[in-house]
Amino acid sequence: MRLFTWTTTAYFYITFCLSLLTTTFASDGATSQEAAQDFFSRHAGPENGSNHTNNWAVLVCSSRYWFNYRHMANALGMYRTVKRLGIPDSNIILMLADDVACNTRNKFPGTVFSNQGRHLDLYGENIEVDYRGYEVTVENFIRVLTGRMDASVPRSKRLLTDDRSNIFVYMTGHGGNEFLKFQDNEEISAFDIADAFEQMWQKKRYNEIFFMVDTCQANTMFSKIYSPNVLATGSSELGENSYSYENDADVGVAVIDTFTHYNLEFMEGINKTSQLTMQDLFNTYSFEKIKSTPGVHSDLFTRPLDRTLITDFFGGVARAELIDENAIVEHTSGPTTDVDEAELARSEDIPLPDILADTKNSATSGRRSSSPGLMKQLRAWCPVAVIGVLATWIVMSR
Amino acid sequence: MDKSHCGSRNPLELSFESPFLRRCILAAYWLLILLAVPAWWRTTSIERLSLPTSQVLKQAKREIEFPLEIHLSSSVNGVDTGALARELERTLEHRLSRRLSVIPHGPEDIFVSSETGSYWVKLTQDVRQSTIENEILLHPWDIHDPIASSALTNSLAALLSPYTEQAHAEEREHVVSKYAPRFRIAFTLLNEDAASGRSALSWDIREALKYNILPVLKRLETLHNFTVESQVQYHAPLAFTPTTVSVDGTDVYGLTPEDLTVFVNSAEWTLSSGVTNDPVLHFLMFIPSASRRPLHILNDAGMPTGSHSFILPQWGGVVIHNPPFETEDNFYLSASQLDHVSSIFRLQLLSLLGVPRLPSGVKSTSSLSRWQIDALLRRRAQENVREAQQTLESIVKLVEQIENMPVGQDVKQDVEDALAALDQAFEAAALSPKLAFDHSARALTLASRAFFNPGMLALLYFPPEHRVAVYTPLFASATVPLVVAVVREVVAWRKQRKAAALNN
């Protein structure tokens, strides 16, 4: 009996040491970076500008249960915003546990509020949840992104994008270093998301992606992405928590997270034809307000941020083409909301703004050691080593 | 030792306890583990069948080429068709940077076949403008005109390769929808506010479509399969308020260029038809509320333009219809009243489907000539082939890149079939654009099906330390006693042998 206790103690000690060792190596990793740069140089160019003709949004709240009210409110707040700015319900995939509005503990049944004093009911109007309750799984999320679905899945659950689609992907929930928890049951890792985006890029399922994560250590979630034309932002750095913004005394729990709150607050000032850019949004981020360090990852994004409109991701369509009814032969070139190509080309060499500098650093520090295969092998052999160490130790101690 | 003390018997003296028996039991355990290893290996490994990688990579480099043949005949006296044919061939090859042949013929031996990529041109003095009649391009020829041949070259170049030739080709490119085997076409009559009166309560869209849309769909059914639906809505508010401008002293309402981009109020207009996964092309006829008429589209300077319709790229088209000013009551739109609107719808539909327009200066007696359909077929075939090649290439690349992505038998089969279909498309290109297109569409469908196979979902990534944490509690407790027992046995056996050697 004593021996057994000793064994378990030793085992935990050793695994702990090993995991410490491996995590230090892990934070050292991403050959993907080089692969991305390689790929990137082939696909870069102004023609990858805002050529999109349709907008999509994938909004994921990966938590359930009453005390995670705020995550539901986060996702619903984003839902309301993208819908207000013109993305139709058919182009929004909302994944939500959806168990707070009608929770027995909810004093205000059928409502979800995102602010103290309950001014705005996010649930009130027309909510179309595409993946509800236990359907919110890692597998379903990856299937939505990659499009690998059973033939029987209805249109409303599919991301029917093409190479002219701009996609806004928003995730919120509880997470940690390089993972996000799904309903206390499973996890999605940063690698899975990076691979899913790569598969989308390969099948030309997007023109540009804006990836936003609000969770603890959120910036680690986008650190592994290596596909081009992905702009990412997160609420907090490695080792930092993301905090909720405020409680409502009558609801009894926190109603929204800080990062999402300030994003939504900025979005409230935007209408469908707004000319504000992503840079304007990122300029509003600060540690004082958000209580954590938000990150912006724009290395993979070709266009300058101060020319990327908010509505490129949150809005409806980009342009309309007038038809000349009298001559009926030629189109007159229609009004467009995007910048002209020549201007884009010129702006290529504008130095990247300050806020990007620190993300660049964090990205380079995430470079993997020169022989990742060997490392992987070593780590895979760990269990054998553990058992060996234990066995020797027991034999020797007799 | 006293054997009556059952509780503390010396195990060495148990009747069944002997070194041999003990070792046998231990060996049995190990044997079981060793035997189970292959089964464990088999059940936990992912099925990854090998894909025809080299074939895919070889296939990806090929480009589809359509041979073009132009037959030239002339009913004009004094035209040297032989010399003209040589000149045309040279200039067109240079201009389109592709191989083609121009074959001179006598004035009477015209024979039009509908399959192959051959086209007839007849020089004549009977027409005043280039006309396509019965698929023959009748070109007016003035023997004294020194630049007559360059006009003909221009027309031919624009007809044969409309996508590279037309000005602003790039600009128009993004309007065209991606190829899909099936399209849904939805016509919607939207009354901004029927309650305000003087609104259109119904329309005879069925009859209107008969004249303008259905013949076009009929011609295009070699490319797509169409489903047509229509609806009427009585309350379709705009999400913004149109600006008021004063024209000649009267106030009219206007949509600024920015307004057009957000014109469709997708949140409140239920337009989408969620029945199928096929792409939908929407055509909206918008009737402004009685209190906001007339509604015009403004140009950048804020003045009304003559146009009342626009295209939303890859999405559909919108026509704004202002009923006549003297309308007093709610009304019904008859087919003849819809004629103008449906001809605009046709124009929008053709643009969205990528049907090339006739070059300026050329008219056609039929609604769509074979020159146009073939150009579209060639373009779509080329697109599909490229898309299929890229999809196959990316499957191979991803399977190589993502180690735990399964590849099943159905994926392998689809990839092989897609390769075969591509081969057929390349072969058929010489025979007929239609056939090549059919094969290319099949190749694309198969390649996409292989890519989107639900079984291709990669297993989730787990860092090795997670695996350690999961597996060790399961296996360490079982394997440690076994390993230790073996070590003890070996030690005991060696001790025994040493003792035996000493005794000897």
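So that the names make sense, note that chain A is the first sequence line, chain B the second, and so on, each numbered from 1. These numbers were taken from a predicted model, which means no experiment stands behind them.
If you take CE on B:M456 and CZ on A:R143, they are separated by 11.5 Å, rounding to the nearest 0.5 Å. We find the CE-OG distance between A:M200 and B:S394 to be 13.5 Å, quoted to the nearest 0.5 Å. In this structure, the separation between CG on B:L312 and CG on A:N54 is 11.5 Å, given to the nearest 0.5 Å. The NZ atom of B:K178 sits 10.0 Å away from the OG1 atom of A:T53 when rounded to the nearest 0.5 Å. Rounding to the nearest 0.5 angstrom, the gap separating the OG1 atom in B:T270 from the CG atom in A:D89 is 11.0 Å. Annotation: the span from A:R164 atom CZ to B:Q314 atom CD amounts to 6.0 Å, rounded to 0.5 Å.
Both the backbone and the side chain of B:S448 come within contact range of chain A, each with at least one heavy atom under 4.5 Å from a heavy atom of that chain. Interface residue A:I87: only backbone heavy atoms are found under 4.5 Å from chain B. With a threshold of 4.5 angstrom between heavy atoms, B:Q401 approaches chain A through side-chain atoms but not through N, CA, C or O.
With hydrogens and angles disregarded, no donor-acceptor distance shorter than 3.5 Å links the side chain of A:R158 to the backbone of B:N277. Here the side chain of A:R155 pairs a donor or acceptor atom with the backbone of B:D278 at under 3.5 angstrom.
Contact check for B:P454 versus A:M149: no side-chain heavy atoms found under the 4.5 Å cut-off. Using a 4.5 Å cut-off on side-chain heavy atoms (C-beta onward), A:K272 and B:T261 make no contact.
The residue among A:N126, A:T146, A:N91 with the most heavy atom pairs within less than 4.5 Å of chain B is A:T146. Counting heavy-atom pairs under 4.5 Å between each of B:V491, B:L398, B:V483 and chain A puts B:L398 at the top.
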**OP:** Report the C-alpha separation of A:Q199 and B:M405 in whole Å, then their side-chain angles, then the decisive distance to 0.1 Å, and conclude whether the side chain to side chain contact (heavy atoms under 4.5 Å, CB included) test is met.
**Re:** CA-CA 11 Å; A:Q199 292 175 53; B:M405 181 184 272; 3.6 Å; yes
**OP:** Go through the steps to decide whether A:L322 and B:L260 satisfy the test side chain to side chain contact (heavy atoms under 4.5 Å, CB included), and finish with yes or no.
**Re:** CA-CA 9 Å; A:L322 268 187; B:L260 292 187; 4.1 Å; yes
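Side chains of B:Q390 and A:K204: a donor-acceptor N/O pair is present below 3.5 angstrom, by distance only. For the 3.5 Å distance criterion, the side chains of A:T273 and B:E258 fail to qualify, holding no donor opposite an acceptor.
Residues A:A320 and B:F310 approach most closely at CB-CD1, 3.8 Å, considering heavy atoms.
Residues passing the side chain to side chain donor-acceptor pair (under 3.5 Å) test with B:E268, sequence neighbours excluded: B:N265. Partners of A:S189 according to the side chain to side chain donor-acceptor pair (under 3.5 Å) rule, which considers only residues two or more places apart in sequence or in another chain, are A:D192.
In A:E128, the CD atom is crowded: over 12 heavy atoms of neighbouring residues, nucleotides or ligands sit closer than 6.0 Å.
In this structure, A:R148 forms a cation-pi arrangement with B:F451, its terminal cationic atom sitting closer than 6.0 Å to the ring centre and no more than 45° off the ring axis.
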